[in-house]
Protein chains: 2
Amino acid sequence: MVTLKQIAEELGISITTVSKALKEYPDVSKKTRKLVRETAAMLNYKPNSFAVNLRTKESKTIGLIIPEIVHHFFSSVIKGIISQAEKKGYLVITLQSNESYELEKKQIDLLISKRVDGILISLANGTADYKHISEVLNQETPLVMFDKIAKAIKCSKVTIDDRKAAYKATQYLIDIGCKRIAHFRGPLLPQNSIDRFLGYKQALTDNNIIYDPTLVYLLNKMSFDEGKFYANQLLKDHNDVDGIFINTDLVAIGAISEFNNQGIKVPEQINVIGFSNWFMASVISPSLTTINQPGFEIGKKAFKLLYKEIKDRKKKKIINYKNIVLETDLIVRESTV
Amino acid sequence: MVTLKQIAEELGISITTVSKALKEYPDVSKKTRKLVRETAAMLNYKPNSFAVNLRTKESKTIGLIIPEIVHHFFSSVIKGIISQAEKKGYLVITLQSNESYELEKKQIDLLISKRVDGILISLANGTADYKHISEVLNQETPLVMFDKIAKAIKCSKVTIDDRKAAYKATQYLIDIGCKRIAHFRGPLLPQNSIDRFLGYKQALTDNNIIYDPTLVYLLNKMSFDEGKFYANQLLKDHNDVDGIFINTDLVAIGAISEFNNQGIKVPEQINVIGFSNWFMASVISPSLTTINQPGFEIGKKAFKLLYKEIKDRKKKKIINYKNIVLETDLIVRESTV
DNA sequence: CGATTTTCCGAAAACGTTTTCGATTAAGAT
DNA sequence: ATCTTAATCGAAAACGTTTTCGGAAAATCG
């Protein structure tokens, strides 16, 4: 591995001059600059990033913690983050919390130890207290949250308006004539499922439909099988339901599968709307009407915010945290009339 | 940020002793070791990894280059790699080549510049020459390939036996009574689609079924829509096909969708087998019979090989490259009788 | 031609570790 | 008491870069 020293010896000049020449300092003559550049290229010189890091105190690396990698939405986010980071010369270290608070804590520690320049995180479902996050903030390490956030923490965030999106979905069901609209909701944590439930409820009351709690089913694992299970349950409990807004595409697909099996026609007998717009939703039949959750965009925006904060901190600027809320679209497909 | 120096001053001993105490050197007394440990903990000391890297010449970080992140198989691989790496104290930097040779080259350069301890890579479809890979190997940087590999390169590899898997799939179609079996194959690069085609062909001839080239369709983008398109084409060209082995689940799902639309019963009229076992395959209807490509396992094994090579190189051991070929299973579902 | 400015270069310190090797002290042996 | 050995510590070099600051040489000016 060739070093500045070797280039210096090769040319009979000092290390200092070589270093400055390569960084285009104005106080080294154009002639030597060129000379240094050429021999550096010839020797295939690559700066030792360990030394650079030590000297400059930054690694041009950020950490990313997500609950689950094998997941259409999150992998889209990762892609958005990485694509944007690469443009700015940043590399990203990805970690998976597996929805576990304990792991999340360890991983934050790991990243801090590695001295990443910043952290991007979507909280695990299991995370209820935020000491580990506060510590990061105290250490002056930039951090931005996305999707599954903690409202109480003072930092930049990028999310969608779950409540509004859910409202939009429910309103659509109402608009196409549904009178009895059920909802499969998620657990009490994270906030997202609460907001989606609230949006659903709000849409009902705004349209003078009385909210019936028995039409709301609380799922825990949010799996395909749970979708099937509760679809079956729903059919037993209520024979008059004509529309259903479901917290997650995967569950919705499970429900549709169950409806198919039982000979219930979607959308003729029951209209189904999912949430997230997983790729899957477009290829099943009937294809699923759903809310598009722009993962790639969320990732890009999250990185941009983090990048700005890193830069601002370096310039000792005061940083004002932003709260970006991305728009969601209702994507109408075959599961609604 | 607290350093060794600060701990040393706090205790009135030398930096050397502090460092050695923390690393449990036997030449520092148990008493001081304990003392140092305690004050280090009290001051919340975290070694500066930049300095450690510089000194030890290793970063405990590996690079990972994959063609596409938003992809069930690859994200499973990532998960496998990260989970295993974490256990061994390694962090992983993920990059996406987007199936582009140029990008792949740049990213390899980037990782080398960052001085990762090793590289894991699945080649882009666009890569035909391997100079960039050879360079890595020349630099003595451990590298292992997985899934989309270059047979010509001397390094460890982990793959599945595409040919055998395809043979298995085709044989199954024959076993359940199919007489006219079509195949949707992938492009000429990477090797995988060739091998799968070869496996298909072999199974036919081994069963005394004459190979009919008009039953093989070469797709390029391997998309859902292409699946639909060629399914339609197949129906026009041949009315006697009773089974089809398709290179990729996504295409297979497209084909099934087209068959559904045209009122062709799967599996009664046409049996369909896919490849990869994307999650999607289990939730569509009819659910898809397919070959399970164990992404998570591939990732784990790939990291383990890389890890071993990193260790061996440090010990100046001679390294013998391994070629791990993982078993695949045929997962029978509703798309075959 | 002397004075002043500009241009160009390099010495040296610093970043925070790790590790070698020699020094000092304490303990044990004679 | 002296000598040997073991136990404990620290000085210093090294990893490869960046950057400050001062100095020498060259160019400009009066």
**Q** Indicate, yes or no, whether a donor-acceptor pair under 3.5 Å links the base of D:dG16 to the side chain of B:K57.
**A** no
**Q** Nearest 0.5 angstrom please: A:K131 NZ to A:I108 CD1, how far?
**A** 14.0 Å
**Q** Quickly work out the A:L22 CG to D:dG16 C1' distance and round it to whole Å.
**A**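 Rounded to the whole Å, the gap is 13 Å.
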**Q** On DNA chain C, compare the nucleotides closest to A:T17 and A:R115; which residue's is nearer the 5' end?
**A**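 Looking at DNA chain C, the more 5' nearest nucleotide goes with A:T17.
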**Q** Can you see if the side chain of A:Y45 gets near the phosphate of D:dT17 - specifically, an N or O under 4.0 Å from OP1 or OP2?
**A**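 Yes, within the criterion.
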**Q** So with a 6.0 Å cut-off around NZ of B:K311, is the heavy-atom count from everything else above 12?
**A** yes
**Q** Can you find a side chain N or O atom of A:K23 that sits less than 4.0 Å from OP1 or OP2 on D:dT18?
**A**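 Indeed, a polar side-chain atom of A:K23 lies that close.
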**Q** Write down the distance between CG (B:D27) and C1' (C:dA23), rounded to a whole number of angstrom.
**A** 13 Å
**Q** Calculate the interatomic distance between A:I15 atom CD1 and C:dG10 atom C1'; express it in whole Å.
**A**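 The answer, rounded to whole Å, is 10 Å.
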**Q** So, are B:K148 and B:E99 salt-bridged, with charged N and O less than 4.0 Å apart?
**A**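 A salt bridge is present here (some side-chain N lies under 4.0 Å from a carboxylate O).
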**Q** What integer distance in Å separates B:E24:CD from C:dT19:C1'?
**A**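 Atom-to-atom, B:E24 to C:dT19, this comes out as 17 Å.
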**Q** Would you say B:S29 reaches D:dC9's phosphate, i.e. side-chain N/O to OP1/OP2 under 4.0 Å?
**A** yes
**Q** D:dC15 P sits how many Å from B:E58 CD, rounded?
**A** 17 Å
**Q** Any side-chain N or O of A:T32 below 4.0 angstrom from OP1/OP2 of C:dC9?
**A** yes
**Q** Within a radius of less than 6.0 Å around NZ of B:K106, do more than 12 heavy atoms belonging to other residues, nucleotides or ligands occur?
**A**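 No, not enclosed.
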**Q** Is it true that A:E38 and A:K34 make a salt bridge, defined as a side-chain N closer than 4.0 Å to a carboxylate O?
**A**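 The answer is yes: the pair qualifies as a salt bridge.
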**Q** Atom NZ of A:K114 to atom P of C:dT17: distance rounded to whole Å?
**A**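 Distance check: A:K114 NZ to C:dT17 P gives 14 Å.
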**Q** Between A:L54 and B:R33, which residue's closest nucleotide on DNA chain D lies nearer the 5′ terminus?
**A** B:R33
**Q** To the nearest Å, give me how far apart CZ (B:F50) and C1' (C:dT18) are.
**A**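 Whole-Å distance recorded here is 18 Å.
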**Q** Are A:S19 and D:dT18 close enough that a side-chain N or O sits under 4.0 Å from OP1 or OP2?
**A** yes
**Q** Counting heavy atoms from C-beta on, name the nucleotide in C:dT18, D:dT19, D:dA11 closest to the side chain of B:L4.
**A** C:dT18
**Q** Can you tell me the distance, in whole Å, between the CZ atom of B:R55 and the C1' atom of D:dT17?
**A** 16 Å
**Q** From the options C:dG10, C:dT17, D:dG10, select the nucleotide whose nearest atom is closest to the side chain of B:I13.
**A**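 The nucleotide sitting nearest to the side chain is D:dG10.
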**Q** Could you check which of C:dT18, D:dT19, D:dG16 has an atom nearest any side-chain atom of A:Y25?
**A**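 Shortest atom-to-atom distance from the side chain points to D:dT19.
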**Q** If only side-chain N and O atoms of B:T16 are considered, is one of them under 4.0 Å from the OP1 or OP2 phosphate oxygen of D:dG10?
**A**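 Checking D:dG10 against B:T16, no side-chain N or O comes under 4.0 Å of OP1 or OP2.
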